[in-house]
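Notes for the one structure printed next.
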Amino acid sequence: MIQIKELQKSYRMGSNELHVLKGINLDIKEGEFVSIMGSSGSGKSTLLNIIGMLDEADKGSYVLDDVPIKNLSEKKAAIYRNKFLGFIFQSFNLINYKNAAENVALPLYYQGISRKIRKEKSLYYLEKVGLEDRAHHLPSELSGGQKQRVAIARALASEPKVLLADEPTGALDTKTSYEVMDFLQGINDEGKTILVVTHEPDIANMTKRIVMLKDGVIEKDTFVEQVRASEHV
Amino acid sequence: MFDLDRWREILQTINKNKLRTLLAGFTVTLGILIFTILFGMGNGLKNTFYEAFQDDAQNTIFVYSGLARKPFKGFKENRRIEFENADLEFLKEKFAGRIEHITARIYKGVTAKYKSEYGNYSLRAVHPSHQYLEKTDIDKGRYVNENDIKTDARVAVIGRLVEKDLFGKEDAIGKYFSMNKIIYRVVGVFSDKGSGDSEERSIYTPVSTTQLIHKNTEIIDQINLMYDISIGANGASKLSKEIEVELKKRHNIAPSDRSGIYVENKVEDLNDTLQVANVLQIIVLWIGIGTLLAGVIGISNIMVYIVKERTKELGIRKALGAKPSSVIGMILQETIVVTLVFGYIGLLIGNFILNSMGDKLKDWFITNPSVSQETIIAATVILILSGLIAGYIPARRAARVKPIVALRDE
């Protein structure tokens, strides 16, 4: 699903050049549940952003679902993001003046799907995360865990190939974190490829593969025995 | 533009962000409101001006006679020149192509009497054409006509105030009254809005009647004519020169004699009038430009603020697959809607204020302040365009911002 070869990225900070990624090789197959770990500054978020087409690599190749991702125009990147990827953010990034159902329907709007089907689909995915009764609530009326579940529903709504989650539990307490991970595991069980960036070992252990980043290179890449989140809820 | 979903999206955005919309809208409303009122006031100033100066027809030439100072062709100096009917006929024929209306004028002071009421008025004996030169409005009855001239009819057209003075509440039309003890019949009552009371206290009679009564002469005091406006200012100057030359020839006045015949061309006055009007126009224009500019700057500021405030939202939208064009389009369309709606509100309020002012500010030289439809449309278009430009630059920047930057947690 994802093939990354010799990926490099550096940022210019004034006169210094900050080499964030120094040659990453990563191969992720369909249906995998991968966590990317590392201390802050290790380059894990940068890697996720490049995979998410929110940022561009300087060198190396990145192929997503057999499509080489290179020199994309803004428009093309927008189309690919919409088609291939679902995003989950640490701070949820829901639009505060739209209710839950409208937030979930937003990626569908950008796919040009009709209003009626958007409505049906958004309710379907809200039901999937157990929030059908909150469909008409604004984000400000939801708890942190509920917000993240809405965000997950939104990420799923566009039926992406890959789900990218950047510290999805970073703003949540342990119990809610495990609930969210339980959802993600359920989605992965249905065959969805998921990439999670985290610095919490217990969250990482709930995935199936842990990629350790350190100073811009992969230090360790291990498949692990998955800990089911439901056991901890 | 006609995407229903896009409209829903925009209406929701506007609806759910009322404070922001009101802020932007208020700027637009205020801008248009001030523009409308100031521009309207400026127009009011202009109206006052035109009312004061544009009472009589402007494309007129007045010809008077006086004393010929120089001896010429055996005629001695200081000789009184007098026009006769033949002079008028001569001018009429000679310059037929250029003269539209021509009339004689004889001035007399009269004592008019009806029943027990009487008063002193100025009488003008004229041809029917005089009505066009003076822009006299007939309130009732009719003006002097050709038939009156032919039959030396003893008829009079009296001013509104003459009727009021002499006839009180009676209808003067058809009534007989006397002027210097000769009986006339009232055939018309006129008013003259621009010229004021003194004009409305005068009386018109056919030129031939007055000539007959006063010793049966052919003498006329003054010839007034109105030329075809298409000959222009230069044509008018030329015409007045030619008239002077021809009349001097007819009356044996030395061509170099500056008195004897006076030809007064109103076009020179007209030019002065137009110049003042132009200055006023320019002042009004600058007032308009100034207020519009203030409005434009206001909108620009608000737009920059709005886009800045929405950076994160736009980043989310982009991460979810919004194309840059869709982001820009959304912001611009929203700008247009807000500008139009609130601009219209400002316009309505401004017009309402102008209308309710009416002529209340006449003491400050502002008459009937108003703004023309075209000006309003132009102002709105300028406002929309400036809103678009003001919105486009930050919108484009917002669309270019990488979602990652927009989404970065502060």
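Per chain, numbering begins at 1; letters A, B, ... match sequence-line order.
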Which pair of heavy atoms, one from [X] and one from [Y], lies closest together, and at what distance?
X      : Y      : answer
B/T335 : B/I331 : OG1-O, 2.7 Å
A/I187 : A/L163 : CG2-CD2, 4.5 Å
A/V217 : A/I24  : CA-CD1, 4.1 Å
A/S45  : A/V197 : OG-CG1, 4.4 Å
B/M41  : B/L354 : N-CD2, 4.5 Å
A/I194 : A/V196 : CG2-CG2, 3.9 Å

Kindly state whether the ring of B/Y344 and the ring of B/F342 have centres lying under 6.0 angstrom apart.
no

[Y] backbone acceptor or donor facing [X] side chain under 3.5 Å:
X      : Y      : answer
A/T198 : A/E200 : yes
A/K192 : A/P160 : yes
B/S326 : B/A322 : no

Does CD in B/Q12 sit with more than 12 non-hydrogen atoms of other residues, nucleotides or ligands closer than 6.0 Å?
yes

So, taking the atom named [atom1] in [X] and the one named [atom2] in [Y], what distance separates them when rounded to the nearest 0.5 Å?
X      : Y      : atom1 : atom2 : answer
A/L85  : A/I51  : CG    : CD1   : 9.5 Å
B/W286 : B/L38  : CH2   : CG    : 15.0 Å
A/S40  : A/H199 : OG    : NE2   : 9.0 Å
A/L131 : A/E127 : CG    : CD    : 11.0 Å

Please look at B/R317 and chain A and tell me whether the side chain, the backbone, both or neither of the residue comes under 4.5 angstrom of a heavy atom of that chain.
both

Tell me, side chain or backbone of B/T13 under 4.5 Å from chain A's heavy atoms, or both, or neither?
both

Contacts with chain B made by [range] (heavy-atom distance under 4.5 Å), listed by residue number:
range                       : value
residues 97-116 of chain A  : A/Y97, A/K98, A/E102, A/L106, A/P107, A/Y109, A/Y110, A/I113, A/R115
residues 164-171 of chain A : none
residues 60-83 of chain A   : A/E74, A/K75, A/A78, A/I79, A/R81, A/N82
residues 140-155 of chain A : A/R154

May I ask you to check whether A/T46 and A/N49 show a side-chain donor-acceptor distance below 3.5 Å?
no

Any donor-acceptor pair under 3.5 Å linking the side-chain atoms of A/Y125 with those of A/E159?
yes

Should A/D55 and A/K9 count as an ion pair when the cut-off is N to O under 4.0 Å?
yes

Taking side chain as everything from C-beta outward and backbone as N, CA, C, O, which of these in A/L94 sits under 4.5 Å from a heavy atom of chain B? Side chain, backbone, both or neither.
backbone

